[in-house]
Amino acid sequence: MNMPTSRKKRKTRSIKPRKVRLGAWAAAGIAVSLLIILPLLFHRWGGSPDPDSGAKVPQGSWRYGIDISHNNEGSIVWDSLFVMTDGKGRTVRDPFKAKDIKPVSFVIIKATEGAGFQDKDFRKNWKSAGKADLRRGAYHFFRSSKDGEVQARNFIRTVGELKHRDLPPVLDIETMHIGCTKELLNERALQWLKTVEKRYGKKPVVYASASFVKEYLCKEITSNYPIWVAHYEKERPALEGWTWWQFTDKAVVKGVPGRVDLSVMKAD
């Protein structure tokens, strides 16, 4: 998922930079080191120096889904969304390099955040996904500093009616503000979940990292609501009973510019 929309800028001191002179051999050594280190870092982060290839997909029989917001760059080609993988299981953009090609089965679109923010691209993305006959769902980025019911009303006003084929609403819980307790976070999250469930008649899905689920979410949430777990660079997420698994934020998907979050659900 995308990070919060706005962040406060920290005040910093102005420090006058010192001039550093490097000899020719030192500069050459640094350049060679970067050529060696950067590919290793890309591999460690699940990405690739090649802009047309991305993270590997986990082994298994899956349906694929992406999640997007206004933070995604460029225009999405909604009727041409495919996950293509090469012989090493890496996502690729070039169909001639692909060993396997599967359609994107579902897309989760950011609708709201906190008590009053609406994603500027939600309506456009929502309408486009519907025209492309994709299974679509809407998500809300949760702010633990705000009342859960107020946040739910923001989501409901923005999303409006859901069609029978639309996916359940999603509550994205990634952060806990300073001064908040686990008890208050869960209380407000449950306010959102119960308000939205009552409005739509569908149990919402809760998105969180595996560690956040284990450390912060109460049993009333984890036992009663489907979990969309985020856990990267693993063969399987370190969480039992998940419904969807976001396994990378560095996939390349045909039809989506740049890199994108990619999730799986077990194929029937």
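Just so it is clear, the values below take in all heavy atoms, side chains as well, and ignore hydrogens, waters and symmetry mates. Residue numbers start at 1 and run along the sequence shown.
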Test V205 against W244 for side-chain contact (heavy atoms from CB on, under 4.5 Å), laying out the working first.
CA-CA 9 Å; V205 174; W244 301 333; 4.2 Å; yes
side-chain contact (heavy atoms from CB on, under 4.5 Å) assessment of V77 paired with D79
CA-CA 6 Å; V77 184; D79 59 356; 3.4 Å; yes
Going through the distances and angles, do D133 and R165 end up as a salt bridge (Lys or Arg N to Asp or Glu O under 4.0 Å)?
CA-CA 10 Å; D133 202 31; R165 194 166 181 268; 3.5 Å; yes
Please report the C-alpha distance between I173 and F141 in whole Å, then the side-chain angles of each, then the deciding distance to 0.1 Å, and finally whether the side-chain contact (heavy atoms from CB on, under 4.5 Å) criterion is met.
CA-CA 7 Å; I173 312 178; F141 191 96; over 6 Å; no
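The side-chain contact (heavy atoms from CB on, under 4.5 Å) search around P58 returns W62, R236, W245, F247, not counting sequence neighbours.
A distance-only check finds no donor-acceptor pair linking the side chain of Q246 to the backbone of A230 [under 3.5 Å]. Between the side chain of R93 and the main chain of V256, a donor-acceptor pair closer than 3.5 Å is present. Side-chain N or O atoms of T91 include one that pairs as donor or acceptor with a backbone N or O of V252 at under 3.5 Å. Remark: side-chain polar atoms of D119 are paired, donor with acceptor, to backbone N or O of H70 under 3.5 angstrom. Using a distance-only test at 3.5 Å, with no hydrogens or angles considered, no donor-acceptor pair links the side chain of N154 to the main chain of T112. Put simply, the side chain of R188 never gets that close to the backbone of G148: no donor and acceptor are under 3.5 Å apart.
With a 4.5 Å cut-off on side-chain heavy atoms, I109 and N125 count as touching. Looking only at side-chain heavy atoms (C-beta outward), P204 and P168 stay at 4.5 Å or farther from each other. Between R153 and E149, the closest side-chain pair of non-hydrogen atoms falls below 4.5 Å. Side-chain contact check for I156 versus T195: some heavy-atom pair is nearer than 4.5 Å. Contact check for K99 versus D86: no side-chain heavy atoms found under the 4.5 Å cut-off.
Applying the 6.0 Å contact sphere to NZ of K203 captures more than 12 heavy atoms from other residues, nucleotides or ligands. Within 6.0 Å of NZ in K146 there are 12 or fewer heavy atoms belonging to other residues, nucleotides or ligands. Around atom NZ of K202, more than 12 heavy atoms belonging to other residues, nucleotides or ligands sit under 6.0 Å away.
A ring pair (Phe, Tyr, Trp, His ring centres under 6.0 Å) check over residues 142-189, counting only residues at least two apart or in different chains, returns the pairs F155-W192.
Hydrophobic clustering (side-chain heavy atoms under 4.5 Å, transitive across Ile, Leu, Val, Met, Phe, Trp, Tyr) groups L134 together with V83. Criterion: ILVMFWY side-chain heavy atoms under 4.5 Å apart, direct or through other members. Under it, V104 and M84 are not part of a common hydrophobic cluster. Each of V150 and V159 belongs to its own hydrophobic cluster when Ile, Leu, Val, Met, Phe, Trp and Tyr are linked at side-chain heavy-atom distances under 4.5 angstrom.
Inspection of the H140 and E113 side chains reveals no N or O donor paired with an N or O acceptor under 3.5 Å.
Using a cutoff of 4.0 Å between basic side-chain nitrogens and carboxylate oxygens, K110 and D172 are not scored as salt-bridged. Classification of R199 and E161 as a salt-bridged pair holds, one side-chain N sitting under 4.0 Å from a carboxylate O. Using a cut-off of 4.0 Å between Lys/Arg side-chain N and Asp/Glu carboxylate O, R136 and D166 are scored as salt-bridged.
Only one option out of W228, Y64, Y207 pairs with S263 in a side chain to side chain donor-acceptor pair (under 3.5 Å); it is W228.
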Using residues 211-221 as the side-chain source, report each donor-acceptor pair under 3.5 Å to any protein atom, sequence neighbours left out, with the distance given to one decimal.
unit_1: S211; atom_1: OG; unit_2: S209; atom_2: OG; d: 3.2
unit_1: K214; atom_1: NZ; unit_2: A238; atom_2: O; d: 2.7
unit_1: E220; atom_1: OE2; unit_2: K194; atom_2: NZ; d: 3.3

